[in-house]
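Protein chains get the first letters and strands the later ones, always in sequence-line order, with residue 1 at the start of each.
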Protein chains: 2
Amino acid sequence: MEVNEKQIVSLLRQQGHKITPQRRAILDVIARSDGHLTPAALYQRVNRQYTGIGLVTVYRTLGLLAGLGLICRVHTGGSCHNYLLRRPEEHHHHLICSGCTKVVDLAGCNLAAEAARISDKTGFEIESHLVEFTGRCGDCRQLALT
Amino acid sequence: MEVNEKQIVSLLRQQGHKITPQRRAILDVIARSDGHLTPAALYQRVNRQYTGIGLVTVYRTLGLLAGLGLICRVHTGGSCHNYLLRRPEEHHHHLICSGCTKVVDLAGCNLAAEAARISDKTGFEIESHLVEFTGRCGDCRQLALT
DNA sequence: CCTGCAAATGAAATTAATTTTCAATAAGTG
DNA sequence: CACTTATTGAAAATTAATTTCATTTGCAGG
């Protein structure tokens with residue numbers, strides 16, 4: 001099930017949120033983007049097309065969407081500036097390039113059994129998990145050779 | 001192989017770093033601590049016992065130790081303030097309580113095969129990975145019932 | 001033990017990301 | 001169309017971490 005812009009809009013309305021031009025613009029940019037964006041990058045892109053949208057609004061909208069589970073965060077190893085990204089259809093993991101900080105989605109996740117085992121062993125009620133692989137992408141490895 | 005304070009000191013010396021009272025104090029606190037500490041928490045503890053050690057020095061020392069691989073970072077889901085923790089003997093993962101932010105180490109890691117598969121598929125040269133489970137610990141679940 | 005130099009320290013300033021405050025504005029219900 | 005309430009944007013405030021720089025200090029070599 002692919003979550004499209006229309007569905008997001010109606011979900012927002014259901015939850016009592018208003019559909020403002022700013023939110024539309026932000027959603028639009030997120031929907032178009034094929035990758036992952038920092039709040040700042042999103043802000044820049046939004047303002048390239050639509051004028052006068054504040055960075056604060058970007059943060060607030062991202063918070064709202066994250067709260068509804070429509071987008072999720074990535075922790076990039078280095079300086080811990082967290083990235084925000086388009087929500088893919090299903091649970092997945094991330095692969096981050098240590099050279100260019102590009103983020104690639106990894107489909108498939110076989111940690112349910114592992115989670116159950118951990119739960120048994122520790123008494124924790126497991127709510128979620130985060131898996132990130134870090135490495136150098138093909139492009140960055142090429143560059144290193146020259 | 002358990003890394004003790006003496007070994008760390010000699011490793012530092014080997015690498016041409018000086019052993020200052022500040023570093024000793026910080027190492028001492030890290031060695032005593034049974035859990036994970038934020039830079040700020042470490043700073044407080046250090047200054048409870050020894051006076052006049054600057055937060056900057058704490059950051060610098062943590063950076064140094066992390067560079068040498070003697071400590072590692074945890075990304076706590078919520079507000080992305082990263083935690084620093086005592087380096088356990090071997091590669092492991094973390095289990096974080098969403099109630100009290102307690103961090104528990106999880107021994108064992110069977111993701112080497114997974115990493116190899118990802119490398120083949122994506123062309124990335126995998127350098128490292130990060131796995132964190134989040135949930136509610138036994139204590140916090142108890143509290144929720146009352 | 002003394003000397004000198006490179007490394008380390010601490011205070012303050014700086015950078016950067018994010019959040020809060022608050023008055024003005026606008027969405028959408030009735 | 002009016003009214004209520006959520007939303008917005010600018011600026012200020014917070015928070016985390018890093019940089020700068022003058023001063024201090026560890027420690028290697030005499």
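- The pair Arg32(B)-Asp28(B) meets the salt-bridge criterion, since a charged nitrogen lies less than 4.0 angstrom from a carboxylate oxygen.
- The base of dG26(D) is not paired with the side chain of Arg23(B) by any donor and acceptor separated by under 3.5 Å.
- Atom CG of Leu37(A) is separated from atom C1' of dT18(C) by 17 Å (rounded to the nearest Å).
- Rounded to whole Å, atom P of dT14(D) lies 19 Å from atom CG of Leu55(A).
- Put simply, the side chain of Lys18(B) and the base of dA6(C) share a donor and an acceptor less than 3.5 Å apart.
- Of the candidates dA12(C), dT8(D), dA16(D), the closest approach to any side-chain atom of Thr20(A) belongs to dT8(D).
- Partner of Ile30(A) under the side-chain contact (heavy atoms from CB on, under 4.5 Å) criterion, out of Leu65(A), Ile8(A), Val46(A): Leu65(A) alone.
- Judged purely by atom type and a 3.5 angstrom limit, Arg23(A) uses its side chain to pair as donor or acceptor with the backbone of Lys18(A).
- Tyr50(A) has its OH atom 15 Å from the P atom of dT8(D), to the nearest Å.
- Set against dG26(D), dA11(D), dT8(D), the side chain of Pro21(B) has dG26(D) as its closest nucleotide.
- Proximity of His17(A) to the phosphate of dT7(D): a side-chain N or O atom is located under 4.0 Å from OP1 or OP2.
- Distance, Arg60(B) CZ to dA11(C) C1': 10 Å, rounded to whole Å.
- Phosphate proximity of dT18(D) to Tyr59(B): absent, as no side-chain N or O sits under 4.0 Å from OP1 or OP2.
- Whole-Å rounding puts the Tyr43(A) OH to dT8(D) C1' distance at 13 Å.
- Dashed line: the shortest gap from a side-chain N or O of Gln22(A) to OP1 or OP2 of dG9(D) is under 4.0 Å.
- In this structure, NE2 on His94(B) lies 4.5 Å from CG on Asp105(B), to the nearest 0.5 angstrom.
- Protein atom CG of Leu64(B) is 16 Å distant from nucleotide atom C1' of dT18(D), rounded to whole Å.
- Summarising the geometry, the separation between CG on Leu27(B) and P on dA8(C) is reported as 13 Å, rounded to the nearest angstrom.
- Taking only distance into account, the side chain of Arg13(B) never meets the base of dG26(D) through a donor-acceptor pair shorter than 3.5 Å.
- For the atom pair CD1 (Ile118(A)) and NZ (Lys121(A)), the distance works out to 7.0 Å, reported to the nearest 0.5 Å.
- Atom CG in Leu12(B) sits roughly 10 Å away from atom P in dC27(D) (whole-Å rounding).
- Side-chain proximity of Pro39(B) to the nucleotides dA17(D), dG9(D), dT19(D) is greatest for dA17(D).
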